[in-house]
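Chain letters run A, B, ... following the sequence lines, proteins first and then strands; every chain starts at 1.
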Amino acid sequence: MPLFALVDCNNFYASCERVFDPRLIGKPVVVLSNNDGCVVARSNEAKALGIAMGVPFFKIRPLIREHRVVALSSNYTLYADMSRRVVEVLSSFTPDLEVYSIDESFLDLAPLNLSDPGRFCREMRATVLRWTGLPVSIGLGSSKTLSKIANRLAKKKAEAGGVMDLASHPVRTESALASTPVGEVWGIGPRSEAKLLALGITDALRLRNAPEGLIRKVMGNVGVRTVLELRGMAIHTLDTEPAQKQTLCRSRTFGRATRELGDVRDAVVAFASRTAEKLREDGLVAGALATFIMTDRFDADARQRSASASDPFGIPTNDTQEIIGAATRTLSRIWKDGYAYRKAGVLLLDLVAGNDRLRDLFESSRKRAMRRMAALDEINARFGHGAITFGLSSLKAPWRSRTNRLSPCYTTEWTDLPVVQS
DNA sequence: TCTGGGGTCCTAGGACCC
DNA sequence: TCTGGGGTCCTAGGACCC
């Protein structure tokens, strides 16, 4: 029987910022999404002010000023590197580890045969804090869903000291489930929550005890799996090998809307080019590409339109030129004048490992293209991202995101390295 | 003035086949 | 008055996750 530990970094993005700028410690901090649009992370002090997850930044500006909340643009380069460090520390404790998201990992501790899993977790927690500067919380349970609930309580209850063990503690588990609102259960989103509330199933304990047939009727098999997990059955297993990606997407909401095909084409070319780079980085080739454009769904006065089209590649590819070609081709098929477009994106589909792809008559010209792409990637790696690009991407283009509050890339750029003053 | 981005899995329904 | 049943594959959309 597996023993899941869910290790989750507390307020991850805000904590990363604090590691390199200790002046932020003790202060309310929020981290913002693309375009500095909404709040995607909050320090405890910011949560205490009632700032909700996902709230549009402009709506809380008065609050920000009044309480001197520090607002930062998100610095994904920094967060990704810090995430890698946390995983490295955790891997030194056990190889049975699944990286679930940028700030969460599931571990299976059962193979370690620990006499005191709680103590082991407290030690892991202290080590991550010492070696990375990041505070984490750890929940223990016999299923992933239960370890999620344990983790939530580890964060909420100060006396837990960052670790909550629900495995083989039936009484503690009952009261934990009773105090967990049903909408907080992993896998229960807003839609299912509404249906369950209508049935009087308000908390995780009631969900656990609900008849399977009823749950199947309102939520299908997905819901039944959640119920079984709450009962302690490990339906979801540990997935140590990250599954191969099936799609790869680059999209952005523009800094402001545009009616010009030229603007949107520039953006789509840039997205296509970035998807191609990412594809090569991951050692993949794509079998098809889709491009989508849409107007501003929040602008009630604007005429709305959203369109997409896809094209297969004859032979799966990761060649930037080919991918840009397909993206501009599909864009011209879906383009219609007279709309103010606010968002666009490029999706690569049917991904397969690069060396699995079919060979064809044009293999040698393909090899030249591959060498060209390898050179391109190397130059960009050496001289900075964007040193060589396809097409002209003006820095002032309207589709560029606004990120006015970006912190330095402390750990990945020599020029941003923190300096210790003596 | 201002509302994110990148994914996965599941299901229902249509097209098609014998 | 009457119009099968069962299977597969594909796609779009729903729901959810962080």
Side-chain angles (χ1 to χ4, degrees), chain A residues 6-9 11-13 30-42 52-62 64 71 73-76 79-80 83 98-106 144-145 148 151-152 182-196 216-226 235-236 239 242-257 271 274-275 278-279 282 288 290 292 294-302 306-310 312 342-351 398-399 401-405:
Chain A
L6 173 62
V7 182
D8 187 325
C9 301
N11 315 325
F12 182 56
Y13 298 168
V30 298
V31 179
L32 306 172
S33 66
N34 175 45
N35 284 326
D36 295 342
C38 358
V39 172
V40 291
R42 307 153 295 156
M53 182 69 176
V55 71
F57 186 45
F58 73 91
K59 285 190 181 168
I60 56 163
R61 269 189 200 275
I64 296 281
S73 304
S74 31
N75 182 345
Y76 283 100
Y79 311 149
S83 171
E98 170 186 346
V99 178
Y100 178 66
S101 76
I102 193 161
D103 69 335
E104 284 170 78
S105 291
F106 285 108
K144 284 184 169 177
T145 304
K148 275 268 188 186
N151 190 285
R152 178 173 171 275
V182 77
E184 296 286 319
V185 176
W186 192 44
I188 308 294
R191 297 298 173 112
S192 305
E193 182 190 15
K195 287 182 201 164
L196 292 171
R216 176 169 285 113
K217 220 168 72 188
V218 292
M219 292 177 59
N221 283 324
V222 181
V224 173
R225 257 171 257 163
T226 297
I235 307 294
H236 299 292
D239 194 5
Q244 198 209 275
K245 223 182 296 191
Q246 298 169 34
T247 62
L248 200 161
C249 177
R250 284 294 175 274
S251 72
R252 282 291 176 280
T253 301
F254 304 150
R256 62 178 165 79
F271 299 148
R274 270 182 253 160
T275 55
K278 182 73 178 131
L279 207 53
D282 296 354
F292 64 87
M294 54 183 76
T295 49
D296 186 348
R297 68 200 162 102
F298 294 106
D299 187 346
D301 301 329
S306 116
S308 73
S310 65
R342 188 73 205 285
K343 183 174 181 173
V346 169
L347 257 154
L348 296 179
L349 314 162
D350 305 335
L351 308 186
W399 54 272
S401 310
R402 290 182 301 260
T403 52
N404 299 322
R405 303 151 180 276

Once you round to the nearest 0.5 Å, how far does [atom1] of [X] lie from [atom2] of [Y]?
| X | Y | atom1 | atom2 | result |
| --- | --- | --- | --- | --- |
| A:Phe57 | A:Asn35 | CZ | CG | 12.5 Å |
| A:Met219 | A:Arg191 | CE | CZ | 13.0 Å |
| A:Arg297 | A:Thr253 | CZ | OG1 | 7.5 Å |
| A:Trp186 | A:Asn151 | CH2 | CG | 12.0 Å |
| A:Lys144 | A:Leu6 | NZ | CG | 9.5 Å |
| A:His236 | A:Thr145 | NE2 | OG1 | 5.0 Å |

Least distance between heavy atoms, [X] atom then [Y] atom:
| X | Y | answer |
| --- | --- | --- |
| A:Ser73 | A:Tyr79 | O-OH, 4.0 Å |
| A:Val40 | A:Met53 | O-CE, 2.9 Å |
| A:Gly345 | A:Phe271 | CA-CD1, 3.9 Å |
| A:Ile188 | A:Ser192 | CG2-CB, 4.0 Å |
| A:Leu347 | A:Cys249 | CD2-CB, 4.1 Å |

Separation of [N] [atom2] from [X] [atom1] (nearest whole Å):
| X | N | atom1 | atom2 | value |
| --- | --- | --- | --- | --- |
| A:Arg42 | C:dC18 | CZ | P | 13 Å |
| A:Phe106 | C:dC17 | CZ | C1' | 11 Å |
| A:Phe271 | B:dG5 | CZ | C1' | 11 Å |
| A:Asn34 | B:dT3 | CG | C1' | 11 Å |
| A:Leu347 | B:dG5 | CG | P | 13 Å |
| A:Tyr13 | C:dC18 | OH | P | 12 Å |
| A:Asp36 | B:dG4 | CG | P | 12 Å |
| A:Arg274 | B:dG5 | CZ | C1' | 12 Å |

The answer to which of A:Gly37 and A:Ser251 contacts DNA chain B further toward the 5' end, by nearest nucleotide, is A:Gly37
OP1 or OP2 of [N] under 4.0 Å from side-chain N/O of [X]:
| X | N | value |
| --- | --- | --- |
| A:Arg252 | B:dG6 | yes |
| A:Asn35 | B:dG4 | no |
| A:Lys343 | B:dT3 | no |
| A:Lys144 | C:dC17 | no |

Closest approach to the side chain of [X], judged atom by atom: which nucleotide of [options] is it?
| X | options | result |
| --- | --- | --- |
| A:Arg342 | B:dG5, B:dT3, C:dC16 | B:dT3 |
| A:Ser192 | C:dC18, C:dA15, B:dG5 | C:dA15 |
| A:Phe58 | C:dC16, B:dG4, B:dC2 | B:dC2 |

What's [X] touching, base or sugar-phosphate or nothing? Going by heavy atoms closer than 4.0 Å.
| X | answer |
| --- | --- |
| A:Val185 | sugar-phosphate |
| A:Lys148 | sugar-phosphate |
| A:Phe298 | base |
| A:Ile102 | nothing |

Between the protein and nucleotides 7-10 of chain B, list every N/O to N/O distance that falls short of 3.5 Å.
residue, atom, partner, partner atom, Å
B:dG7, OP2, A:Cys249, N, 2.6
B:dT8, OP1, A:Gln246, N, 3.1
B:dT8, OP2, A:Thr247, OG1, 3.2
B:dC9, OP2, A:Gln246, NE2, 3.0
B:dC10, OP1, A:Arg225, NH1, 3.1

For B:dG4 and C:dC17, measure between their C1' atoms and round to the nearest Å.
->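 Between the two C1' atoms, the distance is 15 Å.
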In which ranges does DNA chain C form stems of 3 or more consecutive Watson-Crick or G-U pairs, distances under 3.5 Å?
-> B:5-18 with C:5-18
